[in-house]
Structures are given as C-alpha cells and as structure tokens.
Amino acid sequence: MMRKRKGYPVYPLTAAQKFHLFYQNFCPKKEVLNIGTSLTIGADLDWKVLKEAIYKAYERNDFMRLRFAKDKEGNWYQYIVDKEEREIEFVDFSGASMEEAEAQMREWTQVPFKRQDSPMNRIVMIRTSDGYNGLYLLIDHMTADAQSLIGFLKDVIQIYCNALYEGVEYPKEMSSYLEQLQKDLAYENGSKAQERDRKFFRNLIDHSPEPIYNGLRGTMELEESRKRLGDPNVRAAINVSDSVDSALDTFHLEEEPTRRLFDFCEKYHVSMTCLLIMGLRTYFQKMNGHEDVSINTAIARRATLKEKKSGGTRIHSFPFRTVISEDKTFLEGIYEIRDLQNIYFRHANFDPVEYFAYRGKKYPHPNGETYEPMSLTYQPMSLQEENLTKLGDIKYKTKWYPNGATTQAMYLTVMHRPEDNGLDFNFEHQIKAVSREDLEYLYYYLCKIMFKGTENPNLKIGDIIKLI
C-alpha cells in the first residue's frame with residue numbers, strides 16, 4: 001500500500017464506499033453512482049459572493065476534496081487534497097424553458113466521474129427562466145450521501161447569507177471527514193465492536209428460517225421462480241430486468257396530511273422510518289398473503305453530532321425482516337418494528353457486503369434471486385432550518401435528477417420538500433422491472449394503510465387490509 005499520493009496521506013476505502021463500488025462493478029452504466037440535485041432561491045444572487053461562499057464551503061468540508069486512486073494490484077484508496085481551486089462554472093438558463101434547463105441538468109447527471117485522481121463533484125451556478133437562481137450540484141456517491149450533500153448545500157447558503165444579510169450567524173464548524181474515516185477504519189480492522197456485530201448478524205441468519213420474497217404485484221415472480229427451478233418450495237425470486245435503465249418518479253404528499261403522520265409519530269414515540277416500514281410491509285402482506293416480509297432499509301449511521309456533520313457516505317443497507325400476524329394491531333406492529341430497528345442501529349457499522357456474502361453461503365442464489373423487492377431510505381434532514389427562515393419569505397426549490405441507471409428493481413427515498421415541508425416519495429426504478437402504474441398503485445395503498453393505521457392504531461392489521 002502506498003503511504004502517500006501527490007504528497008497526501010492515503011487511506012483504504014470504508015465498507016460503505018466498497019458497497020457502492022461493489023454494485024457499480026455489476027453495472028454497465030458507471031454513472032449509477034451519480035447524485036444530481038439543484039437548489040434555487042426565488043431572489044437575485046450576488047454571483048461573486050456566492051462563488052466565494054462555495055470556495056469557503058469546500059475549505060470547511062474536507063469530504064468535498066476527496067480523491068481516489070488505484071494501486072498496482074487494482075485496489076482503490078482515497079486521499080484529501082488541501083484546497084479546491086477549480087473554476088466554478090456559471091450557466092445562464094434564463095433564455096431557455098424550464099424543461100430545457102432540466103433536460104440539460106439531467107444530462108449532466110448522466111456523465112460519470114473519471115475517478116482516478118479527479119474531483120468527485122461538480123458545482124454549477126445557475127440562473128433559470130422562472131426567476132430563481134442557485135446551484136446545481138453533482139456528486140459521486142462514494143464521497144457523499146443525501147445527508148452530507150444537503151449539509152454542504154446548507155453550509156454554502158449560510159456562508160452566503162452571513163456575508164450579505166444582517167443577523168444571520170456564520171455557520172458553526174463542520175466536523176472532519178478524515179477523523180470519522182480513521183474511526184471507521186479502526187472499527188473495520190478487527191475491533192471488538194466489529195466482532196460483536198458480526199456475531200449478531202451471523203446469529204440472525206443462522207437461527208432464522210429462510211426469508212420469503214414478496215412481490216410488488218403479488219406472488220407472480222415467486223411462482224415464476226418455482227416453475228423455472230422445478231421446486232415448489234423455492235422462497236427467493238428474480239425481480240430485476242435485463243436492463244439497468246432507470247427512471248425517477250416522484251409522488252407528493254401535501255403538508256397537512258404529512259403533519260398528521262408526524263403527529264402520530266410524536267404521540268407514540270416512533271420514527272417516521274418505522275411508520276413507512278409498517279406501511280410498506282403491510283402492503284406486501286396484503287398483496288402476497290405472507291406475514292413474513294423483508295425489505296432493504298438504509299441506516300444513515302449518523303448518531304453523534306460529529307457523524308451528522310462530517311460529510312462522506314455513511315449509509316449501510318441491510319434486509320429488515322418482520323414477521324407480524326394479521327391478528328396484531330397496527331400499533332403493536334409499529335412497536336415491533338421500532339424495537340427491532342433499535343437493535344439494528346446498535347450493529348449498523350457492520351459491513352453489508354459481508355452480511356450478504358454470509359447469507360448467500362447459507363442460501364445460495366446463483367441466478368441473482370433475492371428476498372427483498374425494494375429498498376427504503378428516509379431522509380429526515382431538510383433545508384427549513386432556523387437560520388434560513390430569518391431571511392423572510394425567500395422561497396426555495398430543490399430538485400433531484402435521475403442518473404438513468406440502477407441495479408435494483410426499486411429504491412424509494414422519502415424526503416422533505418423545502419417549499420412546504422410535505423413529503424416527497426422518490427421512486428427510482430428499473431423501467432423494465434417496475435412500471436409507473438405499479439408505483440401509483442403502491443403509493444395509493446401505502447398512503448391508505450398509513451392513514452387508516454394512524455387514525456385507528458388499535459385496529460388489527462387483518463382488518464386494515466380488508467378495509468382498504
């Protein structure tokens with residue numbers, strides 16, 4: 001292992017980074033790791049001050065200065081450069097329609113980064129024809145997840161606002177990515193904590209019966225699998241298509257119903273993630289008739305303030321399996337999910353790739369069959385923070401742009417809308433595996449289940465399934 005690269009100390013990749021690399025290797029479209037987003041503000045901007053704020057944010061957020069390189073054996077490693085001196089681009093879309101501007105940003109999002117010794121993000125200052133101005137940001141998933149991306153954008157806004165408006169404080173220091181990286185690497189280097197977590201997950205796999213696949217539209221894929229393999233007891237299915245081409249479909253839940261869901265979570269001391277998992281698993285239970293449901297859930301691994309503010313990519317994703325009978329009430333189901341989630345959080349530093357490899361040994365699936373029909377991420381962070389509301393009624397808009405590729409059949413990310421704090425349900429899905437109609441159907445029933453359950457928490461799950 002080379003100790004230095006271009007004069008900078010080098011470090012191995014973390015488990016979270018290797019996880020991204022792991023599925024990128026299976027993907028013919030290398031832009032699968034791109035995350036593209038724009039943040040625009042309904043006000044005129046001072047571009048010179050904005051550019052200075054961006055450079056300042058680069059300085060304060062070391063993860064934005066990450067570089068990757070490959071050693072002679074073909075292993076990737078990482079290092080951080082001292083400063084970012086690239087020219088920050090400016091593109092004036094004011095002569096173009098919003099559709100044209102968005103098409104251009106989608107195109108930018110579908111260009112993969114070079115990776116070897118190259119910057120892993122791109123920032124463009126943009127002016128659009130709807131009178132909004134701001135930034136387009138493209139970032140590689142190996143250097144950031146949604147939370148660190150939002151954190152970086154907030155940092156830019158606050159630095160900018162502090163320079164121009166009275167009464168807006170300069171943002172507090174960000175945490176060091178490097179410090180967290182060293183902690184993660186120490187954990188992964190055969191620590192006692194890692195051994196404890198390994199034992200937990202192996203136990204979980206060894207002492208549970210084999211999971212069963214639940215399909216979006218019912219047991220079709222499972223039956224197909226059983227027929228293909230000539231075995232009526234097969235419990236896994238293939239749910240991806242032969243094409244990684246993806247689309248992003250977004251459904252908007254208004255502010256008022258969103259508030260009702262949050263009121264329920266506050267009243268019963270459960271997280272929004274628990275409620276979403278309960279809604280989704282009940283949908284699969286309704287469609288497949290199984291009380292045993294598994295979906296992949298992402299854990300952000302940002303429990304401490306330092307982790308929250310250190311940037312980087314910290315998401316680990318594990319199958320989350322619940323067996324909840326129809327006789328239980330909605331609330332009992334939610335509490336079961338909450339208790340299990342709390343256990344998972346304690347062990348979430350474990351390497352998901354190792355988890356899947358171990359499960360794959362116990363239940364080999366040479367053709368790529370799976371038990372999980374989808375993945376879920378809930379992103380609690382929103383741009384509506386106290387400092388930003390001091391600017392009066394400045395309106396914000398954020399938009400996510402699809403990179404056009406996914407190795408999963410369906411990935412749901414639930415986020416807050418900056419305009420009104422309602423929820424956006426962003427479904428990224430393989431076009432050939434999951435249709436827009438499938439998603440409309442799922443979203444419709446997911447909402448019906450969540451509202452029926454939160455309004456009648458003591459209703460039995462079986463009754464909810466019948467009533468909707």
Side-chain angles (χ1 to χ4, degrees), residues 1 9-27 32-33 35 62-63 66-71 73-80 115 120 139-149 175-205 295-304 306-320 341 343-362 370 372 375-377 379 406-408 411 413:
M1 170 85 173
V10 300
Y11 303 89
L13 301 183
T14 63
Q17 289 172 317
K18 285 179 190 156
F19 187 54
H20 293 312
L21 214 49
F22 169 74
Y23 65 78
Q24 192 195 31
N25 288 338
F26 291 109
C27 192
V32 68
L33 292 183
I35 312 176
D62 54 352
F63 77 96
L66 254 185
R67 301 285 191 270
F68 296 101
K70 229 180 201 175
D71 63 18
E73 283 76 60
N75 299 313
W76 287 98
Y77 57 86
Q78 59 190 317
Y79 62 97
I80 295 171
R115 201 167 296 285
M120 300 309 285
I139 212 159
D140 182 272
H141 215 340
M142 275 177 66
T143 63
D145 50 34
Q147 198 150 337
S148 41
L149 181 148
S175 303
S176 155
Y177 167 75
L178 195 52
E179 204 178 294
Q180 283 308 131
L181 171 66
Q182 286 162 322
K183 269 193 191 158
D184 284 346
L185 294 172
Y187 166 89
E188 287 165 26
N189 202 7
S191 64
K192 280 201 174 87
Q194 184 192 38
E195 204 31 63
R196 260 200 319 273
D197 298 339
R198 178 175 288 126
K199 210 170 139 187
F200 165 76
F201 280 115
R202 286 190 172 182
N203 253 332
L204 195 66
I205 293 166
I295 62 174
N296 284 319
T297 60
I299 300 175
R301 296 170 57 241
R302 294 189 190 273
T304 66
K306 276 192 165 170
E307 286 168 350
K308 281 188 174 73
K309 299 192 72 163
S310 65
T313 188
R314 300 195 57 76
I315 289 179
H316 281 184
S317 188
F318 296 100
F320 190 81
Q341 272 235 301
I343 297 169
Y344 265 67
F345 288 147
R346 288 206 289 278
H347 300 282
N349 285 327
F350 192 63
D351 179 355
V353 180
E354 189 182 322
Y355 171 96
F356 283 108
Y358 189 79
R359 187 174 80 170
K361 268 206 198 78
K362 183 165 182 187
T370 180
E372 288 80 32
S375 291
L376 166 73
T377 301
Q379 176 49 260
T406 179
T407 53
Q408 304 182 49
Y411 193 138
T413 306

Test of understanding: with side chain to side chain contact (heavy atoms under 4.5 Å, CB included), list the residues that count as partners of Arg346, not counting sequence neighbours. Ile343
Taking side chain to side chain contact (heavy atoms under 4.5 Å, CB included) as the definition, give me every residue that meets it alongside Lys361, ordered by chain and number, with sequence neighbours left out. none
Gap between atom [atom2] of [Y] and atom [atom1] of [X] - 0.5 Å precision:
| X | Y | atom1 | atom2 | value |
| --- | --- | --- | --- | --- |
| Ser176 | Lys306 | OG | NZ | 8.5 Å |
| Thr407 | Phe26 | OG1 | CZ | 9.0 Å |
| Gln194 | Asn349 | CD | CG | 9.5 Å |
| Ile299 | Thr377 | CD1 | OG1 | 10.5 Å |
| Gln408 | Tyr23 | CD | OH | 7.5 Å |

Shortest non-hydrogen separation from [X] to [Y] and the atoms involved:
| X | Y | result |
| --- | --- | --- |
| Phe63 | Ser148 | CZ-O, 3.6 Å |
| Tyr411 | Ala298 | OH-CB, 4.3 Å |
| Leu13 | Lys18 | O-CE, 3.7 Å |
| Ala348 | Phe318 | O-CE1, 3.8 Å |
| Gln379 | Ala146 | NE2-CB, 3.4 Å |
| Tyr79 | Pro9 | CB-O, 3.4 Å |

Report yes if the side chains of [X] and [Y] come closer than 4.5 Å at any heavy-atom pair, otherwise no.
| X | Y | value |
| --- | --- | --- |
| Glu307 | Lys183 | no |
| Leu204 | Tyr344 | yes |
| Lys309 | Gln180 | no |
| Arg67 | Met120 | no |

Would Glu195 and Arg198 count as a salt bridge (Lys or Arg N to Asp or Glu O under 4.0 Å) if you check the C-alpha gap in whole Å, the side-chain angles of each, and the deciding distance to 0.1 Å? CA-CA 5 Å; Glu195 204 31 63; Arg198 178 175 288 126; 2.8 Å; yes
Output yes when a side-chain donor or acceptor of [X] lies under 3.5 Å from a complementary backbone atom of [Y], and no otherwise.
| X | Y | value |
| --- | --- | --- |
| Thr313 | Met142 | no |
| Asn296 | Ser317 | no |
| Arg302 | Gly311 | yes |
| Gln17 | Thr14 | yes |
| Asp62 | Ile80 | no |
| Glu188 | Ala15 | yes |
| Gln78 | Pro12 | yes |

Just say parallel, tilted or perpendicular for the rings of [X] and [Y], cut-offs at 30° and 60°.
| X | Y | result |
| --- | --- | --- |
| Phe22 | Phe19 | parallel |
| His141 | His20 | parallel |
| Phe68 | Trp76 | perpendicular |

Under the side chain to side chain contact (heavy atoms under 4.5 Å, CB included) criterion, do Arg202 and Glu354 qualify, and how do the steps go? CA-CA 10 Å; Arg202 286 190 172 182; Glu354 189 182 322; 3.8 Å; yes
Basic-acidic side-chain contact under 4.0 Å: Arg301, Asp145: no
Set of side-chain hydrogen bond (donor to acceptor under 3.5 Å, both in side chains) partners for Tyr187, sequence neighbours left out: Asp197
Going through the distances and angles, do Ile315 and Gln147 end up as a side chain to side chain contact (heavy atoms under 4.5 Å, CB included)? CA-CA 10 Å; Ile315 289 179; Gln147 198 150 337; over 6 Å; no
Compute the ring centroids of Tyr358 and Phe201, then answer whether they are less than 6.0 Å apart. no
